[in-house]
S.K.: 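Here's a structure for you.
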Amino acid sequence: MNVYDFDKTIYDGDSTLDFYIFSIKRNLLLLRYFPKQFSGIILYHLKIINKERYKEFFFLFLNGIKNIDDEIKKFWERNEKKIKNWYLNQKNEKDVVVSASPEWLLKPITDKLEINLIATKVDKRTGKFNSLNCYGNEKVKRFKEKFPNGEIENFYSDHHSDTPMFLISKNAWIVKGEKIEKWTDGKEQIK
């Protein structure tokens, strides 16, 4: 099977940040959460809170969205065009997206593409985490839980933070925009 990171890999940008900006443009009152969000940034960089808690600060703006499902639907109506052409040209129903982005944000688009999704479980109304952030080694753990006998033929990512997934894949590819290059950064030396 082929496995893909989502943001900046098959999606042109950061879907979570794009959703945040989209929501603020539609409701400027969401900016009232910015002081608390900013305090989360500071606490995270001072290593007082972990990544999950930091992201919970970020997701505080969800509390101000009245109909989150409608907001997500409208977001994808506008942003579906950001799914990259190279991916659409090779898409397969057995594909799996493994992403740190929230499951509630990616599920509508992966359902429409008819592909599998593994992502961070976050409450879409409160922003509270219901799982660890699906990042780094957590991606491998969650993949193996969902597909215990799954073999990754090709793995695609835009970033070396996905090295744990790279190491369990037969082939790996680095994505830069619409350009795809073989990922060979010392896999032979790491084994």
Side-chain angles (χ1 to χ4, degrees), residues 3-84 96-113 115-143 145-146 157-162 164-165 175:
V3 179
Y4 302 82
D5 177 45
F6 189 77
D7 294 319
K8 298 178 186 167
T9 301
I10 67 169
Y11 176 82
D12 186 18
D14 183 316
S15 59
T16 303
L17 186 58
D18 286 354
F19 180 73
Y20 177 62
I21 292 166
F22 173 83
S23 299
I24 285 177
K25 285 180 178 178
R26 291 173 39 83
N27 181 358
L28 288 175
L29 288 175
L30 296 177
L31 288 172
R32 71 185 181 271
Y33 296 99
F34 184 74
K36 285 186 180 178
Q37 291 171 312
F38 188 71
S39 69
I41 292 170
I42 293 169
L43 292 171
Y44 177 68
H45 286 287
L46 292 173
K47 301 182 191 273
I48 294 171
I49 59 174
N50 64 18
K51 186 175 266 189
E52 287 83 6
R53 185 70 182 114
Y54 156 66
K55 288 190 169 190
E56 286 178 346
F57 273 89
F58 173 77
F59 286 125
L60 285 171
F61 79 97
L62 296 172
N63 290 283
I65 299 175
K66 289 185 177 151
N67 187 338
I68 187 70
D69 293 322
D70 189 49
E71 192 78 0
I72 296 165
K73 181 181 178 209
K74 287 179 177 155
F75 171 77
W76 283 116
E77 285 170 358
R78 183 175 198 164
N79 288 280
E80 179 180 353
K81 65 185 179 218
K82 292 181 80 173
I83 300 296
K84 295 180 180 181
V96 180
V97 164
V98 183
S99 176
S101 290
E103 184 178 70
W104 52 260
L105 181 59
L106 302 188
K107 188 149 179 39
I109 194 66
T110 57
D111 283 354
K112 186 168 186 179
L113 293 169
I115 57 176
N116 297 289
L117 174 65
I118 299 169
T120 305
K121 296 182 183 299
V122 178
D123 187 300
K124 65 184 170 185
R125 289 176 179 77
T126 66
K128 296 287 183 193
F129 273 57
N130 298 320
S131 73
L132 291 176
N133 192 36
C134 191
Y135 179 86
N137 288 321
E138 186 64 17
K139 283 188 176 186
V140 172
K141 179 182 171 207
R142 300 270 305 280
F143 175 80
E145 285 171 359
K146 189 164 183 173
S157 177
D158 69 300
H159 200 272
H160 288 84
S161 65
D162 281 324
M165 290 296 293
V175 178

S.K.: Please identify which of these residues, T16, L105, I83, L117, meets the side-chain contact (heavy atoms from CB on, under 4.5 Å) condition with F6.
M.R.: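 Answer to the side-chain contact (heavy atoms from CB on, under 4.5 Å) test with F6 among T16, L105, I83, L117: I83.
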S.K.: Mind checking the CG-CD spacing from L132 to E138? Nearest 0.5 Å is all I need.
M.R.: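 Going from the CG atom of L132 to the CD atom of E138 covers 4.5 Å.
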S.K.: Walk me through it: do L60 and F34 pass the test side-chain contact (heavy atoms from CB on, under 4.5 Å)?
M.R.: CA-CA 9 Å; L60 285 171; F34 184 74; over 6 Å; no
S.K.: For residues S99 and D7, report the shortest heavy-atom separation together with the two atoms involved.
M.R.: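 Closest approach of S99 to D7, heavy atoms only: OG-OD2, 4.3 Å.
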S.K.: Looking at V98, is its backbone amide N or carbonyl O close enough to the side chain of K139 to form a donor-acceptor pair, meaning the two atoms are under 3.5 Å apart?
M.R.: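 Judged by distance alone, yes, a pair lies under 3.5 Å.
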S.K.: Does atom NZ (K82) have a neighbourhood of more than 12 heavy atoms from anything else shown, all under 6.0 Å?
M.R.: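 Yes.
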S.K.: Work out which heavy atom in C134 is nearest to a heavy atom in R142; give both atom names and the distance.
M.R.: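 For C134 versus R142, the nearest heavy atoms are CB-NH1, 3.7 Å.
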S.K.: Look at atom CZ of R78 and say whether more than 12 heavy atoms of other residues, nucleotides or ligands are closer to it than 6.0 Å.
M.R.: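 Counting other residues, nucleotides and ligands, CZ of R78 stays at 12 neighbours or fewer.
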S.K.: Salt-bridge test for K73 and D69: reply yes if a basic N is under 4.0 Å from a carboxylate O, no otherwise.
M.R.: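 No, K73 and D69 are not salt-bridged.
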S.K.: State the OG-CH2 distance between S15 and W76, to the nearest 0.5 angstrom.
M.R.: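 Spacing of OG (S15) from CH2 (W76) equals 5.5 Å.
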S.K.: Measure the spacing between CD1 of I24 and CD1 of I65 and express it to the nearest 0.5 Å.
M.R.: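 Output value for this atom pair is 9.0 Å.
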S.K.: Could you walk me through whether V97 and I115 pass the side-chain contact (heavy atoms from CB on, under 4.5 Å) test, one step at a time?
M.R.: CA-CA 7 Å; V97 164; I115 57 176; 3.7 Å; yes
S.K.: Which heavy-atom pair separates S161 from P164 by the least distance, and what is that distance?
M.R.: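 Residues S161 and P164, closest heavy atoms: O-CD, 3.5 Å.
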S.K.: If you round to the nearest 0.5 Å, how far is CG of L106 from OG of S101?
M.R.: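 The CG atom of L106 is 5.0 Å from OG of S101, to the nearest 0.5 Å.
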S.K.: Can you name the nearest heavy-atom pair linking I72 to P108, along with the distance?
M.R.: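 Residues I72 and P108, closest heavy atoms: CG2-CG, 3.7 Å.
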S.K.: What heavy-atom pair brings A100 and T120 nearest, and what distance separates the two atoms?
M.R.: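 Closest heavy-atom pair between A100 and T120: O-OG1, 2.8 Å.
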S.K.: Mark yes or no for whether K84, through its side chain, and K8, through its backbone, hold a donor-acceptor pair below 3.5 Å.
M.R.: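 Checking the backbone N and O of K8 against the side chain of K84, a donor-acceptor pair under 3.5 Å is found.
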S.K.: Can a donor-acceptor pair be found, under 3.5 Å and without considering hydrogens, that links the side chain of D162 to the backbone of M165?
M.R.: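 No, the answer is negative, given that no donor and acceptor are paired below the 3.5 Å cut-off.
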S.K.: Is there side-chain contact between Y11 and N79, with heavy atoms separated by less than 4.5 Å?
M.R.: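 The answer is yes, as the side chains (C-beta and beyond) meet within the 4.5 Å cut-off.
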S.K.: Check whether the ring centres of F75 and W104 lie less than 6.0 Å apart, and answer yes or no.
M.R.: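 So the answer is no for these two rings.
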S.K.: Can a donor-acceptor pair be found, under 3.5 Å and without considering hydrogens, that links the side chain of S157 to the backbone of D5?
M.R.: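 Checking the backbone N and O of D5 against the side chain of S157, no donor-acceptor pair under 3.5 Å is found.
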S.K.: Side-chain donor-acceptor contacts of residues 46-57 below 3.5 Å, not counting sequence neighbours, with atom names and distances?
M.R.:
residue, atom, partner, partner atom, Å
N50, OD1, E52, N, 3.3
N50, OD1, R53, N, 2.8
E52, OE2, N133, N, 2.8
R53, NH1, E56, OE1, 3.2
K55, NZ, N133, OD1, 3.4
E56, OE2, F129, N, 2.9

S.K.: Heavy atoms, side chains only, cut-off 4.5 Å: are P102 and F19 in contact?
M.R.: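 No. Closest side-chain heavy atoms not under 4.5 Å.
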S.K.: Looking at CD1 of I68 and CG of L62, how far apart are the two atoms once the value is rounded to the nearest 0.5 Å?
M.R.: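 The distance works out to 5.0 Å.
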S.K.: To the closest 0.5 Å, what do you measure between CD (E103) and NZ (K124)?
M.R.: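 Here the interatomic distance stands at 10.0 Å.
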S.K.: Would you say the rings of Y33 and F61 are close, in the sense that their centroids are separated by under 6.0 Å?
M.R.: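 That pair fails the under 6.0 Å test.
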